[in-house]
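These notes concern the structure reproduced below.
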2 protein chains.
Amino acid sequence: MTSQQDLLDTLAQVARALGNGHRLALLERLAQAEASVETLANTAGLTIGNASQHLQQLRRAGLVTAHRSGKQMIYRLTDERIVTLLGLLRQVAETNLAEMERLISRLFADDDAEGALEAVGRDELLAGLTSGEMALLDVRPEEEFEAGHLPEAINIPLAQLEDMLDKLPQDREIVAYCRGPYCVLSHEAVQRLRQLGYRVRRFEEGYPEWKAAGLPVA
Amino acid sequence: MTSQQDLLDTLAQVARALGNGHRLALLERLAQAEASVETLANTAGLTIGNASQHLQQLRRAGLVTAHRSGKQMIYRLTDERIVTLLGLLRQVAETNLAEMERLISRLFADDDAEGALEAVGRDELLAGLTSGEMALLDVRPEEEFEAGHLPEAINIPLAQLEDMLDKLPQDREIVAYCRGPYCVLSHEAVQRLRQLGYRVRRFEEGYPEWKAAGLPVA
DNA sequence: CTTTCATTCAATGAATCACTAGAATGATGG
DNA sequence: CCATCATTCTAGTGATTCATTGAATGAAAG
């Protein structure tokens, strides 16, 4: 009798590990590539000590593992399915919480001001790539790009966008992507490129979702 | 910049709603059928007041909705995908947390003592049903059976098992199922029926998983 | 062996959560 | 209108979570 509740309690511990915005940010970053505590702390905007504690909570919940490399501790996701889990959580939240729509529309407010461009869906992107009408732009930091990216994608980290315009093809529509649906990098890139006259849209997902769907990565 | 973190914080609120064993028990019960606060409190082993508060937390997270029916408040899941979400959480926990295996093996300890019968998987069950070699036994309370069950299943609530043995077919292997992988009802039923000489095994999932997989229900 | 660097551990206070018990609400039936 | 029933709200408690600080650990480099 009671062991059934013990199982649910243990399951609840895992869910509770997901119940903090900073830890979700750490997981989103880890979905791109394994990383050290310092790197993770920086991308999540946390102090090192604080990041370390959150990571340990994730480790206790079985969501990440750690191994030493010299002086650094390298963390990574234990399981590919965690990306799927987070995606499903996102879907459930988006369809059932009004608050989510409000926040999302705020994130997209800038885009709308520019002329209401719909993001590119996965199927449309696949079609555009095979027909040669679209070219992929990865605006994540080089480190994350190196660890894995969509096939044929060009990497221009957002900070160097204006310096590397010559790498962009002129004859195709550009589709920019980054870490995932809530990552602002590709939004920013699309805005800046459109002001420069480029024909460019955003991919509505990111690298982790692409990979978790079993699509080919480089 | 900050609105990205707001989104993750909101997502974390939903995850936190899942981060309590009692609330998971309530959700598991709601995955069977909608129910009143009192019913939910009873199956989850909570006081009415406490159950009410947990349900309201689930409602704030967008996981359940409530409507009045006479004096009663009837709660139900907002979204079919919540079952999938919980299933995925379970899978991730099972493969990455040693603690889970320990608890599961304890839940199965009685079965093993009986002669180590493997539970029936979904594919095997489908094959057994179409070939007519298996018959389905639903051991959940009548109320949950009425709200939906696997096709062709016979309902004998666990409490009345010995009184209704005549309803069981003798010529086929019996496959018992209940609420889900952690539900003890079908374990108990299998044990008792085997002592009576029946050829019977447990279905490794439950009604909600079957339905969420898009398989036909009655 | 000492220093340095990356990370973890331990202790604190503020905030939030879980449970209880009892009062308050809202629909129903006399 | 009054009484009843199901549920929710309120307040108070003890436990847990979170961020911060500074000390402690462990590997590497001089």
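We name chains A, B, ... by the order of the sequence lines, and we start the count at 1 in each one. Only a predicted model underlies this, so the values are computations on that prediction, with no experimental measurement involved.
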Send over the distance from [X] [atom1] to [N] [atom2], rounded to a whole Å.
X: B:Met73; N: D:dT8; atom1: CE; atom2: P; answer: 5 Å
X: B:Leu55; N: D:dT7; atom1: CG; atom2: C1'; answer: 11 Å
X: B:Asn20; N: D:dT16; atom1: CG; atom2: C1'; answer: 12 Å
X: B:Gln56; N: C:dC17; atom1: CD; atom2: P; answer: 14 Å
X: A:Asn50; N: C:dA6; atom1: CG; atom2: P; answer: 18 Å
X: A:Gln13; N: C:dA18; atom1: CD; atom2: P; answer: 14 Å

Taking the side chain of [X] as heavy atoms from C-beta outward, which of [options] is closest to it?
X: B:Gln72; options: D:dT7, C:dC9, D:dT20; answer: D:dT7
X: A:Ile48; options: C:dA18, D:dT17, C:dT8; answer: C:dT8
X: B:Ser52; options: D:dA19, C:dC9, D:dT7; answer: D:dT7
X: A:Tyr75; options: C:dG26, C:dT7, C:dT8; answer: C:dT8
X: A:Lys71; options: D:dT8, C:dC5, C:dT7; answer: C:dC5
X: A:Glu38; options: D:dT7, C:dT7, D:dT20; answer: C:dT7

For the side-chain contact (heavy atoms from CB on, under 4.5 Å) test, which of B:Leu77, B:Leu26, B:Val14 pairs with B:Leu63?
B:Val14

Test your reading of the model: is there a side-chain donor-acceptor pair from A:Glu205 to the backbone of A:Gly121, 3.5 Å cut-off?
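Checked: no pair found.
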
What distance separates B:Tyr177 OH from B:Leu136 CG, expressed to the nearest 0.5 Å?
6.5 Å

Under 4.0 angstrom, heavy atoms only, what part of the nucleic acid is A:Arg23 near: base, sugar-phosphate, or nothing?
sugar-phosphate

Applying salt bridge (Lys or Arg N to Asp or Glu O under 4.0 Å), run through B:Arg192 and B:Glu162 and close with a yes or a no.
CA-CA 9 Å; B:Arg192 278 156 59 177; B:Glu162 279 79 3; 2.8 Å; yes

A:Gln53 (side chain) and C:dA10 (base): donor-acceptor pair under 3.5 Å
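By the distance-only test, yes, there is a pair.
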
